[in-house]
Amino acid sequence: MKTDDLINLLTKDARVRVRFGRVFLIALAIGVVFSAGLLLSTIGIRRNMAEMIETPRVLFKLGITLLLAISATRLAFLIGKPGVSLRSAAMTLALPLAVLVIGIATELLVVPQAAWASSMEGHFSAFCLFFVPTLSIAPLAAILYSVRQGAPENPGTAGAVAGLAAGGIAAAIYAWHCPDDSPLFLATWYSIGILVATAAGFLLGRKILRW
């Protein structure tokens with residue numbers, strides 16, 4: 001290959017990388033804003049959030065869902081770039097899981113055993129199971145669209161990661177409304193809602209991200 005041809009090839013590759021990053025950020029922003037607007041226009045933010053946001057449970061819920069959203073979204077961004085190592089980004093997903101385990105252990109130590117079941121069941125589990133997947137639709141569509149502009153090596157895996165990121169984003173948004181603050185509730189019902197989004201991303205990714 002001639003030197004001029006190599007330079008032109010590298011230049012085109014750089015343009016693709018820049019364009020992918022820009023598309024990803026714009027699409028993600030649109031998806032997040034849409035989901036946040038959907039929450040605000042339907043059930044709204046928790047009425048006493050100004051008071052409750054100072055409590056450890058609420059801070060934990062907001063923090064861990066945001067941590068998952070950021071970690072999974074970073075992995076979804078990298079998975080759209082062929083040849084990029086995903087190991088460090090994938091390992092960061094263990095962080096929110098570890099934090100959740102610590103939160104559950106703390107809850108079990110603080111709350112009497114007789115109240116464990118009620119803490120896990122909460123009061124609005126059905127709301128959670130509906131709104132987390134629903135709020136994940138726009139971010140999932142945005143991430144799948146942008147990842148499709150890249151070149152994911154495994155469509156199913158890329159779709160699942162996109163779904164996980166969308167589920168994390170949806171959970172982080174819904175947490176601003178949810179009145180159930182127990183880590184046991186979070187580990188049960190939020191996780192189910194996020195898994196639904198992840199499964200949807202996997203199924204859609206196998207079709208949409210195939211190339």
- Not counting sequence neighbours, which residues clear side-chain hydrogen bond (donor to acceptor under 3.5 Å, both in side chains) with R74? List them please.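 Scan of R74 (side-chain hydrogen bond (donor to acceptor under 3.5 Å, both in side chains), adjacent residues dropped) gives none.
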Minimum heavy-atom separation for [X] and [Y], please, with both atom names.
X: V32; Y: I173; answer: O-CD1, 4.0 Å
X: A89; Y: L75; answer: CB-CD1, 3.9 Å
X: A69; Y: I169; answer: CB-N, 3.7 Å
X: L209; Y: A158; answer: CD1-CB, 3.7 Å
X: G31; Y: A138; answer: O-CB, 3.7 Å
X: I143; Y: A165; answer: CD1-CB, 3.8 Å

[atom1] of [X] to [atom2] of [Y]: how many Å apart, nearest 0.5 Å?
X: I102; Y: F60; atom1: CD1; atom2: CZ; value: 8.0 Å
X: L78; Y: S85; atom1: CG; atom2: OG; value: 9.0 Å
X: L62; Y: M52; atom1: CG; atom2: CE; value: 10.5 Å
X: I30; Y: L25; atom1: CD1; atom2: CG; value: 11.0 Å

- Query: Should L93 and L97 be marked as a side chain to side chain contact (heavy atoms under 4.5 Å, CB included) after you check the CA-CA gap, both sets of side-chain angles, and the distance that decides it?
  - Reply: CA-CA 7 Å; L93 291 177; L97 178 60; over 6 Å; no
Using the rule that two of Ile, Leu, Val, Met, Phe, Trp, Tyr join whenever any of their side-chain heavy atoms come within less than 4.5 Å, decide whether [X] and [Y] are in one cluster.
X: I192; Y: L203; result: no
X: I104; Y: M120; result: yes
X: I137; Y: L195; result: no
X: I26; Y: I70; result: no
X: V132; Y: F34; result: no

- Dump the intermediate steps for side chain to side chain contact (heavy atoms under 4.5 Å, CB included) on I208 and V147, then the final yes or no. CA-CA 10 Å; I208 296 175; V147 171; over 6 Å; no
Would you say [X] and [Y] make side-chain contact, with heavy atoms under 4.5 Å?
X: T42; Y: F131; result: yes
X: F127; Y: I43; result: yes
X: S182; Y: E107; result: yes
X: L68; Y: I194; result: yes
X: D180; Y: K61; result: no
X: L186; Y: T65; result: yes
X: S146; Y: F77; result: no
X: L140; Y: L204; result: yes

If we ignore hydrogens and angles and just use 3.5 Å, is the side chain of [X] paired with the main-chain N or O of [Y] as donor and acceptor?
X: N154; Y: T157; value: yes
X: S125; Y: G122; value: no
X: T188; Y: F185; value: no
X: S118; Y: A115; value: yes

- Message: With side chain to side chain contact (heavy atoms under 4.5 Å, CB included) as the criterion, how do F124 and C178 come out once you've worked through the C-alpha distance, each side chain's angles and the decisive distance to 0.1 Å?
- Response: CA-CA 8 Å; F124 298 96; C178 181; 5.9 Å; no
- Does CZ belonging to R206 count more than 12 external heavy atoms closer than 6.0 Å?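 12 or below, so no.
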- Item | Salt bridge flag under 4.0 Å for residues R46 and D181 |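 Looking at D181 together with R46, the answer is yes, because their closest N to O distance falls below 4.0 Å.
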- CA sep, side-chain torsions, deciding dist, call: L184, L108, side chain to side chain contact (heavy atoms under 4.5 Å, CB included): CA-CA 9 Å; L184 296 174; L108 296 179; 4.1 Å; yes
- Item | Listed once per pair and sorted, the ring-ring contact (aromatic ring centres under 6.0 Å, His included) pairs that draw on residues 164-183, sequence neighbours left out |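 As it turns out, the ring-ring contact (aromatic ring centres under 6.0 Å, His included) pairs with a partner in residues 164-183, which skip direct neighbours, are Y174-H177, Y174-Y190.
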- Query: Tracing side-chain links under 4.5 Å among I, L, V, M, F, W and Y, which residues wind up in one group with L109?
  - Reply: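 ILVMFWY cluster around L109 holds nothing else.
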